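Written below as structure tokens is the structure these notes are about.
These numbers were taken from a predicted model, which means no experiment stands behind them. Below, all heavy atoms of this structure are taken into account, side chains as well, without hydrogens, waters or symmetry copies. Within every chain, numbering begins at 1; the chains are lettered A, B, ... in the order of the sequence lines, protein sequences first and strands thereafter.
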2 protein chains.
Amino acid sequence: MPDPRNKRRAAGEPVSLGMLPGLVGYQVRLAQMAIFTDFDRALGALELSPGLFGLLVIVEANPGLKQSRLAGAARLDRSSLVPALNKLEARGLVTRRDAPGDRRAYGLHLTAAGVALLARAKRAVRRHEARLAAGLGEGKRDLLIALLSGIFRDRR
Amino acid sequence: MPDPRNKRRAAGEPVSLGMLPGLVGYQVRLAQMAIFTDFDRALGALELSPGLFGLLVIVEANPGLKQSRLAGAARLDRSSLVPALNKLEARGLVTRRDAPGDRRAYGLHLTAAGVALLARAKRAVRRHEARLAAGLGEGKRDLLIALLSGIFRDRR
DNA sequence: TATTGTTATACTCTATAACTATA
DNA sequence: TATAGTTATAGAGTATAACAATA
């Protein structure tokens, strides 16, 4: 069993964070950490990270998509996509099928198991997002999304 | 020189992102990536990541701070703080001085060089944040910060 | 007994550069 | 020549568990 001395926390007077809490970048980072933690709580049992979930969603929405195009949509280098896709394929959620008319490429598809798992994951994500929205207050969710998508443009 | 074949991009019809753009978590992640990229552009010459910058800010605001307390404030495990602090100390920006009255602990301080570099970094961060705010529109910066800090509480 | 800092170690995620097979 | 996928490799960044020194 682990040594219980590793989990202790030092308390005491508060530590000043200086200018950090006033920075958008800092608050976005904290929000991301908190969201990631709750996402994990919501989907941990399905063994899906936000990244893998996103890949499944995109493949479902674009049957037969080629890897390069998926990498672009997910903002990954195509080499970074390979291990993620290997994982999903090894779990029987995604298949690399031959792309018609191009023997270099694969067309990606969800398997039946992939469709089923994704359906469960989507429901969990919606619950997670609802919790998140509840903390924000009525109607502020769309506002937050609008503000975020206005940061440094070029995003969707 | 690198093989120029690695930088090419596939274009074509747009790839659908399904439900992703409507998720707060997705938009936060994109915003974070965009912010990180611009932060790097703004502070890259100073060789400071958002994480290292944050550590310097906190140490400056709390002279003599102990490592455990800094780790807590930066939301890092104390073991994760060690390599970051080693880096800052090796660059002559931070010193581990003896903590008065506790021979186990160090008190952290910025060096003169650390103070000077941080001053430059703060100006760069303010410019970076101003660019960010400009994209949002007048007055929306505070609103965004308020919304973000309302996500899953417990943050400051 | 508990805390402070450190180490050894490992894991996730991502990228760069180069390779292969096709086009 | 250019593109699709893969590999080898490396680098951040972080955590867990254990340890010595000290409280």
Which of dA4(D), dG5(C), dA15(C) is nearest the side chain of Tyr106(B)? It is dG5(C)
Contacts satisfying ring-ring contact (aromatic ring centres under 6.0 Å, His included) that involve residues 88-127 of chain B (not counting sequence neighbours) are none
Residues pairing under ring-ring contact (aromatic ring centres under 6.0 Å, His included) where one sits in residues 60-99 of chain B, two or more places apart or in two chains, turn out to be none
Per atom distances to the Val82(A) side chain, the nearest of dA15(D), dT14(C), dT7(D) is dT7(D)
Residue set satisfying side-chain hydrogen bond (donor to acceptor under 3.5 Å, both in side chains) with Gln67(B), at least two apart, ordered chain then number -> Arg96(B)
DNA chain C nearest-nucleotide lookup for Ser49(A) and Pro83(B): closer to the 5′ end is Pro83(B)
What residues 95-104 of chain A contributes to the DNA chain D interface at heavy-atom separation below 4.0 Å is Arg96(A), Arg104(A)
Hits for ring pair (Phe, Tyr, Trp, His ring centres under 6.0 Å) against His128(B), two or more places apart or cross-chain, chain-then-number order -> Phe39(B)
Does Ser68(A) get its side chain close enough to the base of dA4(D), under 3.5 Å, for a donor-acceptor pair? no
| message | Keeping Glu129(B) on the side-chain end and Gly25(A) on the backbone end, is there a donor-acceptor pair under 3.5 Å? | response | yes
Winner on side-chain proximity to Arg78(B), out of dA4(D), dA18(D), dA15(C), is dA18(D)
Hits for side-chain hydrogen bond (donor to acceptor under 3.5 Å, both in side chains) against Ser16(B), two or more places apart or cross-chain, chain-then-number order -> none
Assign each of Ser79(B) and Phe36(A) the nucleotide of DNA chain C bearing its closest heavy atom; nearer the 5' end lies the nucleotide of Ser79(B)
Taken to the nearest whole Å, CZ/Arg69(A) to C1'/dA4(D) is 13 Å
Residues at least two apart in sequence or cross-chain that pass salt bridge (Lys or Arg N to Asp or Glu O under 4.0 Å) with Arg127(B), listed by chain then number, are none
Give a yes or no on whether a salt bridge exists between Glu60(A) and Lys122(A), defined as a side-chain N under 4.0 angstrom from a carboxylate O. yes
Between CD of Gln32(A) and P of dT14(D) the distance, given in whole Å, is 12 Å
For Val59(B), the side chain to side chain contact (heavy atoms under 4.5 Å, CB included) test, sequence neighbours excluded, returns Leu70(B), Leu108(B), Leu110(B)
Within residues 85-93 of chain A, the residues having a heavy atom closer than 4.0 Å to DNA chain D are none
Using a 4.0 Å heavy-atom cut-off across all strands, classify Leu76(A) as base, sugar-phosphate, or nothing.
-> sugar-phosphate
